[in-house]
Amino acid sequence: MPKARVVPNEITYNAAISAFEKGGQWQLALNLLSLMPEARVVPDKITYSAAISACEKGGQWQLALSLLSLMPDAKVVPNEFTYNAAISACEKGGQWQQALSLLSLMPKVSVVPDKITYNAAISACEKGGQWQLALSLLSLMPDARVVPNEIHYSAVTSACEKGCQWQQALNLLSLMPAVRLFPNAVTYSAAISASEKCGQWQLALSLLSLMPEARVVPNKITYNAAISACEKGGQWQLSLNLLSLMPEARVVPDKITYSAAISASEKCGQWQLALSLLSLMPEARVVPNKITYSAAISACEKGGQWQLALNLLSLMPEARVDPDTINYNAAISACEKGDQWQLALNLLSLMPEARLEPNEITYSAAISAVEKGGQWQLALSLLSLMPEAKVVPNEINYNAAISACEKGGQWQLALILLSLMPEARVVPNEITYSAAISACEKGEKVAAGTWPFEQHA
DNA sequence: CTAGGGTTAG
């Protein structure tokens, strides 16, 4: 008996492409698409939509747009699925202009935007920092006969947050009942987060306190956002208070909660508290991650506890948390604050074997450390080593190096550094000039003291 | 056989 042959059709291919999309394998998804012609299977709109989604998930917005542009040649007519996937790809890629241009193209190709289209477009505006456009899209929805829901409002609130428009965020919240929408936990969390980002911690807490009467149950994220608001407002007691209220609200703290509370302690100089929160995590069955450690290391840094900071960094591997560049940066800063420039340099030198790439912040912490140690030569070598480490120096790096020259009485070198900034495309700021000026003033005094009669010569 | 949206920590 001949073996039964299963001939794959477009449905088989679509299912497989979709499976790759779900598994985050955009290359494999596109590969299958490219194999379809020789298999004599004709891709349809589902094939393209699935492939565009695969590109979206893989962060390949350009590929997503190319696929969309190839559809007419392939005689496949895009539908709302296709456009929504392409707009989402633009959103993820930070391409708000492209997202909006796709949206405006839809009526021309007779594809009707739906709720999802608008949400993807609003999110694209949010990611691009375009809060005004996000608000306009929301206001244009009724004309397009798409009824806004809680998700649209939350997304626009989030756009307002990014633009630090807390009044607009509150306004949105207050407008919802009139359109028969009821804010939910996400809406409140977004509004709390907007208050937090704009430094309105009292507002964040009042929003939280208004939730019970609105019959909205705060979740973990709501609490985390509120704790973070207390942190930004320098209110460590309030952030701890919120943490302590979570069990009775039946909300289980997670690593974000602890990290936010540790960070609140850090901002308020409470390094002991930060460490005790960290030590309480195992019994709360919450596993710290890199962010938790970096908050704790920074707390030690702010408290002048460089030994404890280094200790925390060294404990990370046994806690099965791989340190990253930010953890090293925090530890290097701790060494700087503790006047341990040799240790700061040592940490920097350990980064390659930890397979970590230093960034501008790493170098600025290291340059500042050697600057404080009076090592202007080292400051200059660190600055000069940045290009080969593929790190582009910024004004902070130059400022630290100029300050090092200033401290070392090297006014000429300070001026040379200043003069090199334009070709390095770094724009000097007030700090740059004041460091350079004080270097020159010092130089003048030294010159006056050394050669008192030079003016007569 | 297809997809897609909103909230939190360094």
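No experiment lies behind these values; they were computed from the predicted model shown. Note: hydrogens, waters and symmetry copies are ignored here, and every other heavy atom, side chains too, is used. Chain letters run A, B, ... following the sequence lines, proteins first, then strands; residues in each count from 1.
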Touch class at under 4.0 angstrom, heavy-atom based, for A:Thr187 against every strand present: base

Sugar-phosphate only, base, or nothing, as touched by A:Ser228 at under 4.0 Å among non-hydrogen atoms: sugar-phosphate

Member of A:Leu105, A:Leu103, A:Thr117 meeting the side chain to side chain contact (heavy atoms under 4.5 Å, CB included) criterion with A:Tyr83: A:Leu105

Sugar-phosphate, base or nothing in reach of A:Asn79, heavy atoms under 4.0 Å: nothing

Crowding at CD1, A:Ile361 (>12 non-hydrogen neighbours, <6.0 Å): no

Touch class at under 4.0 angstrom, heavy-atom based, for A:Asn289 against every strand present: base

Touch class at under 4.0 angstrom, heavy-atom based, for A:Asn329 against every strand present: nothing

Salt bridge A:Lys127-A:Glu91, side-chain N to carboxylate O under 4.0 Å: yes

A:Ser123 side-chain N/O to A:Asn119 backbone N/O, donor-acceptor pair under 3.5 Å: yes

Sugar-phosphate only, base, or nothing, as touched by A:Asp254 at under 4.0 Å among non-hydrogen atoms: nothing

Under 3.5 Å side-chain donor-acceptor pair for A:Asp322 and A:Asn327: no

Contact boundaries on DNA chain B for chain A, cut-off under 4.0 Å to non-hydrogen atoms: B:dC1 to B:dG10

Sugar-phosphate only, base, or nothing, as touched by A:Lys92 at under 4.0 Å among non-hydrogen atoms: sugar-phosphate

Heavy-atom neighbours of A:Gln202 CD exceed 12 at 6.0 Å: yes

Sugar-phosphate only, base, or nothing, as touched by A:Glu80 at under 4.0 Å among non-hydrogen atoms: nothing

